[in-house]
Amino acid sequence: MDDICHAIADATRRAILDELVQRDGQTLFELCGRLTMKHGISSSRQAISQHLDVLESAGLVIARREGRYKFHWFNGEPLKAITQRWPTKGR
Amino acid sequence: MKINLSSVLVDDQEKALRFYTEALGFQKKHDIPLGPYRWLTVVSPEDPDGTELVLEPDEHPAVKPFKAALVEDGIPFTSFAVTDVAAEHKRLEALGVRFTQPPTDFGTVITAVFDDTCGNLIQIAQEIRKPC
């Protein structure tokens, strides 16, 4: 639970998830382009890569190699723990 | 001073010549034997006297890890201008070209990124002119 909350407690990391929900399976280059051009986020590529590491260790992003390329995918599964713990509907 | 040449570092000059002419539609400009390699350049048919692209051998040992690192992160080595990224994407995909980024609208520019089959990713970009 701690790692999920930590992962989504940052605006840049939330923007990364937003962009992956828009189009899943992006390279680091595409993600950085979207963050710069659409969100005005001027972080370095290295900083974005570190944000991706945090999202990956929380299980919210899955990085997969396909041949020589590496793509990043959104995984919403870990977020279920939040609504299981604090249900959105009445019991 | 002016820029008359630009290079891409390719793993096989003959394969590169085929891809850059047959798939991308550039024209061969110079092809001069040079030791084990060739001085091999292509130009755009839209600008045959313009900047030449040198299809340069990537034989230096530092080049391969450099190229592999760029490709892994999806970073294009260079970018070419097109008038319609969506149309080029469709045309090139039909030729079996692998795209790592489909046409994406960034507001002032639409870009896409594909694999040149010679160890590089290449971006194509279309400027969007907004009415004043």
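Below, chains carry the letters A, B, ... as their sequence lines are ordered, and counting in each starts from 1.
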Is the closest side-chain heavy-atom distance between A:Arg45 and B:Ile75 below 4.5 Å? yes
Would you mind reporting whether A:Tyr69 and B:Leu121 have side-chain heavy atoms less than 4.5 Å apart? yes
State plainly whether one hydrophobic cluster holds both [X] and [Y], where clusters connect Ile, Leu, Val, Met, Phe, Trp and Tyr through side-chain heavy atoms under 4.5 angstrom apart.
X	Y	value
B:Phe77	B:Leu40	yes
B:Val8	B:Ile32	no
A:Ile4	A:Ile16	yes
B:Leu5	B:Leu34	yes
B:Ile128	B:Phe80	yes

Drop me the distance from A:Met37's CE to B:Thr111's OG1, to the nearest 0.5 angstrom. 8.0 Å
Okay, A:Glu66 and chain B: the region with an atom under 4.5 Å from a heavy atom over there is side chain
Determine the option with the most heavy-atom pairs under 4.5 angstrom with chain A, choosing from B:Ala68, B:Gly119, B:Gly107. B:Gly119
Work out which heavy atom in [X] is nearest to a heavy atom in [Y]; give both atom names and the distance.
X	Y	answer
A:Phe29	B:Gly74	CB-O, 3.0 Å
A:Glu30	B:Thr100	OE1-O, 4.1 Å
A:Thr27	B:Asp73	CB-O, 3.7 Å

Quick check: are there more than 12 heavy atoms from other residues, nucleotides or ligands sitting under 6.0 Å from NZ of B:Lys15? yes
Counting heavy atoms not belonging to A:Asp2, are there more than 12 under 6.0 Å from its CG? no
Name the region of B:Leu70, side chain, backbone, both or neither, that has any atom closer than 4.5 Å to a heavy atom of chain A. neither
Of A:Arg68, A:Lys70, A:Arg23, A:Arg34, the largest count of non-hydrogen pairs under 4.5 angstrom with chain B goes to A:Arg68
